[in-house]
Engineer: 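Have a look at this one before I ask anything.
Predicted, not measured: the structure shown is a model, and the values here were computed from it.
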Amino acid sequence: MNAATELKLSPSGASDMAHIVLTFDNNKHASALYGQFDENLARVEQQLGVDIRSKGNQLSIKGNPIAAEQTRRALDYLYELAQKGVELTGSEVDGAVRMAVAADDQLTLPTLEKKGRMAAAQIATRKRTIYARTPNQDAYMRALDRAELVFGIGPAGTGKTYLAVAHAAMLLERGLVERIILSRPAVEAGERLGFLPGDMKDKVDPYMQPLYDALNDFLPGKQLAKLMTAGVIEIAPLAFMRGRTLAHSAVILDEAQNTTAMQMKMFLTRLGENARMIVTGDPTQIDLPPNTKSGLVEALHVLEGVPGIVTVRFEDKDVVRHPLVAEIVRAYDRYGSGGRNEGRV
């Protein structure tokens, strides 16, 4: 793809409006980039406040210099995804815009010189490849690559659990670990697995369904069933982890805000040779009994600054599940800091 850039200046000589022209070398990929009835272009226009006009395989972008350059980066990146066969959904477009706005390669005025391409972190399995859609997702995915213990902290819908499962599936496929161990505290009003019908798998399954759903996205169904039967993918209730050493494994603890301080210490000290441990949770959604300290909240304080441990904190702007989810998170945050009476409507 070739891009020609023209900068228009106001009479005073200050930059007033940029005009960037992008020319794509493949009509099929350009069509995928534009979307049906140019819906992807309209989505970018709305978010960045620019004017985008298409004519065949050529796009004209007009707007203030910063927004125009952000648009160029976003469209350039989306075109590269189209070349790789990625379906450009609304979520992919939104993610590209978020990444373009946050990218370090800011334009250099007055020449609009490009300092580099946008490159988002990715996790690739045989079934699916996913790309970071926010800067914090990018940081999280890169942390998963380099650190043996990673905490992913933040609100619902930010992808912290989904990306953890994707990374674990990738490690297993590449032979970098021998098994995947999934754990989650079974908390409704305390751990009461014994009151549920069936064997241990039946009791735990309702709590583990989000992890199963994620695994199904990255591993073929028959292979997943075979791996679970063979114990290569193991569901391990947190309450039964004591005394184990988790070596050569990718270990995920989800909903960690519902661990007690003792459970969290016990879990973290299971880390064995050639293992990767990922702990995810949302400290604003603690379901523990009153006056019970969250093990996740305590661990974040105790382990702060310990070498080899990386904590990535997601925010409401990282929510990728649905635009309304971000608004719901913000509304609850405002309500939580508004000095209301607990338990009263």
Engineer: Could you grab the distance from atom CD1 of Ile233 to atom CG of Leu219, nearest 0.5 Å is fine?
Structural biologist: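 Between Ile233 CD1 and Leu219 CG, I get 5.0 Å after rounding to 0.5 Å.
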
Engineer: Taking Lys127 for the side chain and Asn216 for the main chain, is one N or O donor matched with an acceptor at less than 3.5 Å?
Structural biologist: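 A pair under 3.5 Å: yes.
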
Engineer: So Asn40 and Tyr34, do their side chains get closer than 4.5 Å, heavy atoms only?
Structural biologist: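 In short, these two side chains do not touch, never coming nearer than 4.5 Å.
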
Engineer: Looking at Arg73 and Glu69, does any basic side-chain N land under 4.0 Å from a carboxylate oxygen?
Structural biologist: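 Yes, this pair counts.
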
Engineer: I want to check something: taking the side chain as every heavy atom from C-beta on, are Tyr212 and Leu224 in contact at a cut-off of under 4.5 Å?
Structural biologist: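 Sidechains of Leu224 and Tyr212: no contact.
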
Engineer: Would you say the side-chain atoms of Arg98 and Thr134 include a donor-acceptor pair closer than 3.5 Å?
Structural biologist: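 Short answer, no.
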
Engineer: Please report the C-alpha distance between Ile52 and Leu59 in whole Å, then the side-chain angles of each, then the deciding distance to 0.1 Å, and finally whether the side chain to side chain contact (heavy atoms under 4.5 Å, CB included) criterion is met.
Structural biologist: CA-CA 7 Å; Ile52 305 175; Leu59 287 181; 4.1 Å; yes

Engineer: Do the charged groups of Lys293 and Glu298 touch, with an N to O distance under 4.0 Å?
Structural biologist: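 Looking at Lys293 and Glu298, the cut-off is met.
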
Engineer: Can you list every side-chain hydrogen bond (donor to acceptor under 3.5 Å, both in side chains) pair that touches residues 225-243, not counting sequence neighbours?
Structural biologist: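 For residues 225-243: Glu234-Arg244.
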
Engineer: Can you list the steps and then say if His248 with Arg179 is a side chain to side chain contact (heavy atoms under 4.5 Å, CB included)?
Structural biologist: CA-CA 7 Å; His248 309 288; Arg179 56 183 175 160; over 6 Å; no

Engineer: So, the side chain of Lys62 versus the backbone of Ile20: is there a donor-acceptor pair under 3.5 Å, distance only?
Structural biologist: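 Absent.
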
Engineer: Can you check whether Ile153 reaches Phe314 side chain to side chain, under 4.5 Å on heavy atoms?
Structural biologist: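 Not touching, per the 4.5 Å side-chain cut-off.
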
Engineer: Answer yes or no: is there a donor N or O on one side and an acceptor on the other, between the side chain of Glu173 and the main chain of Arg126, under 3.5 Å?
Structural biologist: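 Judged by distance alone, yes, a pair lies under 3.5 Å.
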
Engineer: Are Leu176 and Met141 connected into the same hydrophobic cluster when the rule is that any two of I, L, V, M, F, W, Y join if their side-chain heavy atoms are below 4.5 Å apart?
Structural biologist: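 Yes, it is one cluster - the side chains of Met141 and Leu176 are joined through contacts under 4.5 Å.
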
Engineer: Once ring-ring contact (aromatic ring centres under 6.0 Å, His included) is applied, do any residues pair with Phe218, and if so which ones, sequence neighbours excluded?
Structural biologist: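 Phe218 satisfies ring-ring contact (aromatic ring centres under 6.0 Å, His included) with Tyr162 only.
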
Engineer: Could you give the distance from CG (Leu268) to CD (Gln263), rounded to the nearest 0.5 Å?
Structural biologist: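 Nearest 0.5 Å value for the CG-CD distance: 11.5 Å.
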
Engineer: For Ala275, does its backbone N or O pair with a side-chain atom of Ser249 as donor and acceptor, under 3.5 Å?
Structural biologist: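 Checking the backbone N and O of Ala275 against the side chain of Ser249, no donor-acceptor pair under 3.5 Å is found.
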
Engineer: Using the rule that two of Ile, Leu, Val, Met, Phe, Trp, Tyr join whenever any of their side-chain heavy atoms come within less than 4.5 Å, decide whether Val306 and Leu296 are in one cluster.
Structural biologist: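 Cluster IDs for Val306 and Leu296 match.
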
Engineer: Would you say Val279 and Val150 make side-chain contact, with heavy atoms under 4.5 Å?
Structural biologist: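 With C-beta onward as the side chain, the pair stays apart.
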
Engineer: Give, for atom CD of Gln70 and atom CG of Leu75, the distance between the pair rounded to the nearest 0.5 Å.
Structural biologist: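 Rounded to the nearest 0.5 Å, the CD-CG separation comes out at 12.0 Å.
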
Engineer: Indicate the atoms forming the closest heavy-atom contact of Ser183 with Met241, along with that distance.
Structural biologist: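 Residues Ser183 and Met241, closest heavy atoms: OG-CG, 4.3 Å.
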
Engineer: Looking at Arg142 and Asp138, does any basic side-chain N land under 4.0 Å from a carboxylate oxygen?
Structural biologist: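 Yes, charged N to carboxylate O under 4.0 Å.
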
Engineer: Which heavy atom in Met17 sits nearest to a heavy atom in Gly63, and how many Å separate them?
Structural biologist: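 So the minimum-distance heavy-atom pair works out to CG-O, 3.4 Å.
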
Engineer: Can you find a pair of side-chain heavy atoms, one from Leu172 and one from Leu227, that are under 4.5 Å apart?
Structural biologist: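 Of all side-chain heavy-atom pairs linking Leu227 with Leu172, at least one is under 4.5 Å.
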
Engineer: Taking side chain to side chain donor-acceptor pair (under 3.5 Å) as the criterion, tell me which of Asp254, Thr259, Thr161 meets it with Arg184.
Structural biologist: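 Among Asp254, Thr259, Thr161, the one that satisfies the side chain to side chain donor-acceptor pair (under 3.5 Å) with Arg184 is Asp254.
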
Engineer: Checking the side chain of Arg72 only, and the main-chain atoms of Ala68 only, is there a donor and an acceptor separated by less than 3.5 Å?
Structural biologist: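 Checked: no pair found.
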
Engineer: Is there a side-chain contact between Leu22 and Asp76 (heavy atoms, below 4.5 Å)?
Structural biologist: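 When only atoms from C-beta onward are counted, Asp76 and Leu22 do not touch, as no gap falls below 4.5 Å.
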
Engineer: How many angstroms lie between atom CZ of Phe24 and atom OG of Ser54, to the nearest 0.5 angstrom?
Structural biologist: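 Spacing of CZ (Phe24) from OG (Ser54) equals 10.0 Å.
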
Engineer: Are any non-hydrogen side-chain atoms of Val93 and Leu78 less than 4.5 angstrom apart?
Structural biologist: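 A side-chain contact exists here, since the closest heavy-atom pair is under 4.5 Å.
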
Engineer: How many angstroms lie between CE in Met170 and CD in Gln122, if you round to the nearest 0.5 Å?
Structural biologist: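 So the gap between those two atoms works out to 9.5 Å.
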
Engineer: I'd like to know whether Gln137 forms a side chain to side chain contact (heavy atoms under 4.5 Å, CB included) with Tyr131, so could you lay out the CA-CA distance, the side-chain angles of the two residues, the decisive distance to 0.1 Å, and finally the verdict.
Structural biologist: CA-CA 9 Å; Gln137 279 196 356; Tyr131 300 85; over 6 Å; no

Engineer: When you measure from the side chain of Asn258 to the backbone of Asp287, do you find a donor-acceptor pair of N or O atoms at a distance under 3.5 Å?
Structural biologist: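 Yes.
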
Engineer: State, without any angle test, whether Asp94 and Gln47 hold a side-chain donor-acceptor pair at a distance under 3.5 Å.
Structural biologist: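 Short answer, yes.
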
Engineer: Asp217 side chain to Ala214 main-chain N or O, any donor-acceptor pair under 3.5 Å?
Structural biologist: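 Absent.
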
Engineer: Output, in order, the C-alpha distance, side-chain angles, deciding distance and verdict of side chain to side chain contact (heavy atoms under 4.5 Å, CB included) for Ile278 and Tyr140.
Structural biologist: CA-CA 11 Å; Ile278 309 166; Tyr140 185 53; 3.5 Å; yes

Engineer: Tell me, do Ile180 and Val165 make a side-chain contact under 4.5 Å, heavy atoms counted?
Structural biologist: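 They are not in side-chain contact.
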
Engineer: Looking only at heavy atoms, which two atoms of Ala18 and Pro65 are closest? And how far apart?
Structural biologist: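 For Ala18 and Pro65, the tightest heavy-atom pair comes out as CB-CA, 3.7 Å.
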
Engineer: Who are the side chain to side chain contact (heavy atoms under 4.5 Å, CB included) partners of Thr292, not counting sequence neighbours?
Structural biologist: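 Result, side chain to side chain contact (heavy atoms under 4.5 Å, CB included) vs Thr292: Thr260, Leu288, Pro289.
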
Engineer: If the test is side-chain contact (heavy atoms from CB on, under 4.5 Å), which one of Asn26, Asn27, Leu33 qualifies with His29?
Structural biologist: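 Exactly one option meets the side-chain contact (heavy atoms from CB on, under 4.5 Å) with His29, and it is Asn26.
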
Engineer: Answer yes or no: is there a donor N or O on one side and an acceptor on the other, between the side chain of Thr71 and the main chain of Ala67, under 3.5 Å?
Structural biologist: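 Yes.
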
Engineer: To check you understand the geometry: which heavy-atom pair defines the closest contact between Asp145 and His167, and what is its length?
Structural biologist: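 Closest pair (atom of Asp145, atom of His167, distance): OD1-CE1, 3.4 Å.
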
Engineer: Assess, by modelled atom type and distance only, whether the side chains of Asn136 and Thr158 contain a donor and an acceptor separated by less than 3.5 Å.
Structural biologist: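 No, no side-chain donor-acceptor contact under 3.5 Å.
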
Engineer: Give the intermediate values and the outcome of salt bridge (charged side-chain N to carboxylate O under 4.0 Å, His left out) for residues Glu148 and Arg276.
Structural biologist: CA-CA 5 Å; Glu148 293 177 323; Arg276 297 294 185 93; 5.3 Å; no

Engineer: Decide whether Leu253 and Val302 are clustered together by the hydrophobic rule: side chain heavy atoms of Ile, Leu, Val, Met, Phe, Trp, Tyr closer than 4.5 Å, transitively.
Structural biologist: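 Yes; tracing contacts between hydrophobic side chains, which count when under 4.5 Å, links both residues.
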
Engineer: Roughly how far, to the nearest 0.5 Å, is the CG atom of Leu238 from the CZ atom of Arg270?
Structural biologist: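 Between atom CZ of Arg270 and atom CG of Leu238 there are 10.5 Å.
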
Engineer: Looking at Val310 and Ala147, what are the two nearest heavy atoms and their distance?
Structural biologist: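 Looking at all heavy atoms of both residues, the shortest contact is CG2-CB, 3.6 Å.
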
Engineer: Looking at every non-hydrogen atom in both residues, tell me the closest pair between Thr269 and Lys265 and how far apart they are.
Structural biologist: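 Heavy-atom minimum between the residues: OG1-O, 2.9 Å.
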
